[in-house]
Amino acid sequence: MKKGSLIVVSGPSGAGKGTVCDAFLGAHGEIAYSISATTRAPREGEQDGVNYYFLSRAEFERMIDNGELLEWAEVYGNYYGTPLKKIEERLARGEDILLEIDTQGALNVQKKFPDGVYVFILPPSFDELEKRLRGRGTDSEAVVARRLAAAAGEIAAAKQYAYTIVNDKVENAVRTLSAIVAAEHARTRNNLEKIEEMIKGV
Ligand code: ADP
Ligand code: 5GP
């Protein structure tokens with residue numbers, strides 16, 4: 001059986017992570033998305049169980065206490081966390097899963113899954129980041145200001161990721177992400193069973 005890959009994508013708010021991941025996953029139906037739990041309110045158009053599991057703080061804290069989260073962090077004033085079960089199930093079946101999480105969460109996941117594929121998405125410039133965050137039109141001015149203020153700190157963590165993609169054009173960023181994942185699949189360590197099979201002449 002081929003080994004499944006854990007793909008972790010981070011970047012400052014507004015860099016285009018959601019846009020790039022959606023397009024990438026749309027082109028790779030075989031790769032699952034890890035739906036996070038959060039205490040933040042849904043944005044217009046967001047659906048419970050699709051974009052996030054939208055929980056109260058008490059519900060979120062219950063998940064922490066029950067050990068149901070691979071990692072969790074407080075980001076921009078809300079809790080966000082990654083349910084563990086789906087990840088374990090996918091990887092056990094040799095299937096891939098993509099997590100879009102913040103840098104605190106990603107660094108914790110790195111400790112547990114050092115063989116994961118860690119990808120940082122950068123905007124082309126700070127001005128463009130601001131433009132995209134405001135242009136998205138989903139957040140209040142206070143929320144936008146808070147996210148911009150946190151951007152430099154988030155970007156400082158980029159050096160701890162194996163890959164960095166500058167999201168100039170969505171299609172270029174998606175192509176690069178696809179190339180990274182294809183290279184990961186081609187790693188010899190992920191094809192050892194196939195090699196053994198061939199040696200045995202199966
Ligand atoms: P994130 O998930 O990183 O917070 P989003 O995917 O929500 O960011 O993107 C923020 C805004 O920028 C959205 O309005 C999106 O349409 C836009 N956007 C994303 N990628 C690009 C790009 N390469 N060029 C121009 N606009 C982009
Ligand atoms: P947003 O509110 O824009 O959807 O997400 C805000 C931030 O929370 C982003 O940096 C996003 O990557 C991060 N995030 C989303 N889900 C998780 C999660 O499960 N764990 C962690 N640590 N961060 C998350």
Side-chain angles (χ1 to χ4, degrees), residues 6-26 33-55 60 63-64 68-87 97-113 116 118-140 142-158 161 164-177:
L6 182 83
I7 305 153
V8 179
V9 176
S10 304
S13 188
K17 301 179 297 294
T19 306
V20 171
C21 289
D22 279 355
F24 169 77
L25 292 169
Y33 178 68
S34 164
I35 302 166
S36 294
T38 184
T39 59
R40 118 159 134 60
R43 295 184 184 130
E44 200 171 314
E46 283 185 334
Q47 282 177 272
D48 187 47
V50 176
N51 306 91
Y52 282 104
Y53 298 108
F54 294 101
L55 306 180
F60 194 100
M63 285 191 84
I64 298 175
E68 292 174 42
L69 298 176
L70 164 63
E71 62 74 36
W72 63 274
E74 194 160 349
V75 192
Y76 317 128
N78 284 296
Y79 283 148
Y80 293 81
T82 305
L84 180 59
K85 194 160 166 250
K86 184 168 169 184
I87 290 173
I97 186 155
L98 182 145
L99 283 61
E100 194 232 289
I101 62 175
D102 90 315
T103 52
Q104 307 170 70
L107 298 181
N108 283 328
V109 175
Q110 271 191 24
K111 289 181 205 144
K112 294 176 190 161
F113 291 95
Y118 294 86
V119 182
F120 200 86
I121 307 246
L122 271 182
S125 67
F126 204 88
D127 276 358
E128 178 63 19
L129 180 71
E130 187 165 353
K131 219 178 277 170
R132 287 183 189 174
L133 206 44
R134 289 191 202 288
R136 187 165 68 187
T138 52
D139 302 293
S140 67
V143 168
V144 168
R146 183 170 193 169
R147 288 175 178 231
L148 283 174
E154 282 275 300
I155 293 168
Y161 286 66
T164 300
I165 300 175
V166 178
N167 176 23
D168 50 1
K169 288 205 169 71
V170 176
E171 59 269 33
N172 292 344
V174 171
R175 199 176 316 118
T176 306
L177 182 56

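Ligands are counted one by one from 1 in listed order, and the atoms in each one are counted from 1 as well.
- Counting only heavy atoms from C-beta outward, the side chains of Y53 and D48 approach each other to under 4.5 Å.
- With 3.5 Å as the limit, one finds no donor-acceptor pair spanning the side chains of S13 and Y76.
- The side-chain heavy atoms of V20 and V9, taken from C-beta on, include no pair separated by under 4.5 Å.
- Looking at E46, its side chain does come within 3.5 Å of a backbone N or O of R43 through a donor-acceptor pair.
- Near ligand 2, residues K17, S36, R40, R43, Y52, E71, A73, V75, Y76, Y80, G81, T82, E100, I101, D102, G105, R147 each place a heavy atom inside the 4.0 Å sphere around the ligand atoms.
- At a threshold of 4.5 Å between non-hydrogen side-chain atoms, the residues L70 and F113 count as touching.
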Given salt bridge (charged side-chain N to carboxylate O under 4.0 Å, His left out), test R175 with E171 step by step and report yes or no.
CA-CA 6 Å; R175 199 176 316 118; E171 59 269 33; over 6 Å; no

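- Under the 30°/60° scheme for interplanar angles, the aromatic rings of W72 and F60 are found to stand perpendicular.
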What does the contact table look like for ligand 1 (nitrogen or oxygen on each side, cut-off under 3.5 Å)?
from	atom 1	to	atom 2	distance (Å)
ligand 1	2 (O)	G18	N	2.9
ligand 1	3 (O)	G14	N	3.4
ligand 1	3 (O)	A15	N	3.3
ligand 1	3 (O)	G16	N	2.9
ligand 1	3 (O)	K17	N	2.8
ligand 1	3 (O)	K17	NZ	2.9
ligand 1	4 (O)	G14	N	2.8
ligand 1	4 (O)	R136	NH1	2.8
ligand 1	6 (O)	G18	N	3.3
ligand 1	6 (O)	T19	N	2.8
ligand 1	6 (O)	T19	OG1	2.6
ligand 1	7 (O)	R136	NH1	2.8
ligand 1	8 (O)	G16	N	3.1
ligand 1	20 (N)	N167	ND2	3.1
ligand 1	23 (N)	R132	NH2	3.4
ligand 1	23 (N)	N167	OD1	2.9
ligand 1	23 (N)	D168	O	3.0
ligand 1	23 (N)	V170	N	3.4
ligand 1	24 (N)	R132	NH2	3.2

Assess whether side chain to side chain contact (heavy atoms under 4.5 Å, CB included) is satisfied between E74 and Y80, documenting all intermediate values.
CA-CA 6 Å; E74 194 160 349; Y80 293 81; over 6 Å; no

Criterion side chain to side chain contact (heavy atoms under 4.5 Å, CB included) on Y33 and F24, from CA distance to verdict:
CA-CA 11 Å; Y33 178 68; F24 169 77; over 6 Å; no

